[in-house]
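Hydrogens, waters and symmetry mates are skipped; everything else that's a heavy atom, side chains included, is used. In what follows, chains are A, B, ... by sequence order, proteins preceding strands, each numbered from 1. Not measured: the values here are computed from a predicted model.
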Amino acid sequence: MSFAQKLLSWYAENGRDLPWRNTKDPYIIWLSEIILQQTRVEQGMPYFYRFVEAFPTVEAFSRAEEEEVLRLWQGLGYYSRARNMHKAAKMVMELYGGEFPAAYDKVIKLSGVGEYTASAIASFSAGEKRAVLDGNVFRVLSRYLAIDVPINTTHGKKVFSEVAEEMMSAEQPGLYNQAIMDFGATVCKPRGPLCSSCIFRYECAALQQGVVSELPKKIKGKASRNRYFNYFIIENENGILMSQRPEGDVWANLFEFPLIETEQLLTQEELVETDAFKQHFGPSEVHQIGKTVKHVLSHQNIFANFYRIIKPVDLEQKKANWCYYNSENLDKLAKHKLIFTFIDKYMLN
DNA sequence: GAATCGTGGGT
DNA sequence: TACCCAAGATT
């Protein structure tokens, strides 16, 4: 039996039953694929149900406010996915008359849809022969064939793209794509792969050569940088003061408390002496809430301190992106994890 | 084409 | 603990 045939046979027996696999509706498949980008199935699952319920059709999605989309996405991370999804839904209305496309050449034009996602939708929904290339596929193929070309380079992607195309099943491209990803996720895992009971244990080149744990090969990225965020909780009769994050930085467009970023981790005494603090808050009574929180992102470590400003001086017109929200409206804002975790811990009644 | 974009789970 | 990495895309 060929690699593809064995994989399909394995999948028929061992494939997971996931909600987005019970349909060929490209819209539903698209929803699941965007949510699952760089995201584990267990983490994305509740969001999938949430989005299907909120937006049963692409037309409903296209009519939503971006604010609502981001609020539904809150907590999932990589928030540009949500903004691109909203754009894509509008594009489907404009370009394709509201009918969500399944063809690779059409879906690839949508915002947030790259080669992987277009291949997934086209193969799952329309049976188009397009090999998906995700983290699972890189890992399974690099081991099965013992290919040590780094996967996170342009050259590596080209090499694996060609290999993936050769290895895939021509008869059942959709099932094959799901099979190889499921196999990578549950058997040929990054660490602790189940080699001793693997269906490919007598053929896998990496296993024969004893290099399973060294593959796939990857070039190391830059180290994370540290950033120091000082947040200020300021409340008056209008509600709580919130600030919207700028484009071009982490958490673009999401809401948070007014922020002063510093070059070092400052004590409260040092902070109140900074020009930025005096400029925004003048001489006002401050006290810290909780301890320094370390929040780890993919490319930076954020150390956050939270301070309550007790007797706010007049803050009107201090910053254009600062605005007061009552508790009802605060709840509607899309906030990043650092903020909604703080609110849940310290500000809920 | 390298850097960036979140959060959570596993080892 | 520190590191890896997950159904990637964009700039």
* For A/N326, side-chain contact (heavy atoms from CB on, under 4.5 Å) partners two or more places apart ->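 Partners of A/N326 under the side-chain contact (heavy atoms from CB on, under 4.5 Å) test: A/E328, A/N329.
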Once you apply a heavy-atom cut-off of 4.0 Å, does [X] come out as touching a base, just sugar-phosphate, or nothing?
X	answer
A/R225	nothing
A/K220	sugar-phosphate
A/L18	base
A/V113	sugar-phosphate
A/R139	sugar-phosphate
A/D249	sugar-phosphate
A/Q178	nothing

Rounded [atom1] spacing from [N] to [M] in Å:
N	M	atom1	result
B/dG6	C/dT11	P	14 Å
C/dG8	B/dG1	P	22 Å
B/dA3	C/dA7	C1'	22 Å

* For DNA chain C, which nucleotides open and close the run of contacts to chain A, 5' to 3', at under 4.0 angstrom from a non-hydrogen atom? ->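 Span of nucleotides near chain A: C/dC4 to C/dT10.
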* Asked: Is any side-chain N or O of A/T154 under 3.5 Å from a base N or O of B/dG1, one able to act as donor and the other as acceptor?
  ->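 Side chain to base: no pair present.
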Donor-acceptor pair, [X] side chain versus [Y] backbone, under 3.5 Å?
X	Y	answer
A/R245	A/V250	yes
A/Q74	A/K335	yes
A/S125	A/K24	yes
A/Q5	A/S2	yes

* Toward the 5' end of DNA chain C, by each residue's nearest nucleotide, A/T117 or A/P216 ->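 Nearest-nucleotide comparison on DNA chain C picks A/P216.
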* Asked: Does A/A185 or A/L110 map to a spot on DNA chain C nearer the 5' end, using the closest nucleotide for each?
  ->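 Between the two, 5'-proximity favours A/A185.
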* To do: Could you say whether A/T153 or A/L338 is positioned toward the 5' end of DNA chain B, judged by the nucleotide with the nearest heavy atom to each?
  =>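 Looking at DNA chain B, the more 5' nearest nucleotide goes with A/T153.
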* **A/G221 or A/K189, whichever maps to the more 5' nucleotide of DNA chain B** =>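 Result: A/G221.
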* With A/D148 via side chain to side chain donor-acceptor pair (under 3.5 Å) - residues at least two apart ->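 Side chain to side chain donor-acceptor pair (under 3.5 Å) check on A/D148 returns nothing, list empty.
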Atom pair distance, as rounded to whole Å: [atom1] in [X] and [atom2] in [N]:
X	N	atom1	atom2	result
A/N152	B/dG1	CG	P	13 Å
A/F340	B/dG8	CZ	C1'	12 Å
A/I151	B/dA2	CD1	C1'	16 Å
A/L297	B/dA3	CG	C1'	15 Å
A/R191	B/dG9	CZ	C1'	11 Å

Tell me yes or no: between the side chains of [X] and [Y], is some donor less than 3.5 Å from an acceptor?
X	Y	answer
A/E203	A/Y144	yes
A/R21	A/Q178	yes
A/R139	A/N136	yes

* Asked: Near DNA chain B, under 4.0 Å by heavy atom, which residues of residues 30-46 of chain A?
  ->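 Hits under 4.0 Å, by residue number: A/Q38, A/T39, A/R40, A/Q43.
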* **Interface with DNA chain B, restricted to residues 68-79 of chain A and to heavy atoms under 4.0 Å** =>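 Those residues whose heavy atoms fall under 4.0 Å from DNA chain B, taken from residues 68-79 of chain A in numerical order, are A/G75, A/L76, A/G77, A/Y78, A/Y79.
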* Asked: Does a side-chain N-to-carboxylate-O contact under 4.0 Å join A/R130 and A/E115?
  ->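 Not counted as a salt bridge, because no side-chain N and carboxylate O are separated by less than 4.0 Å.
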* Asked: Under the salt bridge (Lys or Arg N to Asp or Glu O under 4.0 Å) test, which residues partner A/K158, sequence neighbours left out?
  ->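 Per chain and number, A/K158 pairs via salt bridge (Lys or Arg N to Asp or Glu O under 4.0 Å) with A/E162.
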* To do: Start with the C-alpha distance between A/V113 and A/M91, add both sets of side-chain angles, then the distance that settles side chain to side chain contact (heavy atoms under 4.5 Å, CB included), and finish with yes or no.
  => CA-CA 12 Å; A/V113 175; A/M91 291 171 75; over 6 Å; no
Is any side-chain nitrogen or oxygen of [X] closer than 4.0 Å to OP1 or OP2 of [N]?
X	N	answer
A/K157	B/dG1	no
A/Q300	B/dC5	yes
A/H299	B/dG6	no

* Asked: Taking the six-membered ring for Trp, are the ring centroids of A/Y307 and A/F277 within less than 6.0 Å of each other?
  ->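 Not under 6.0 Å, so no.
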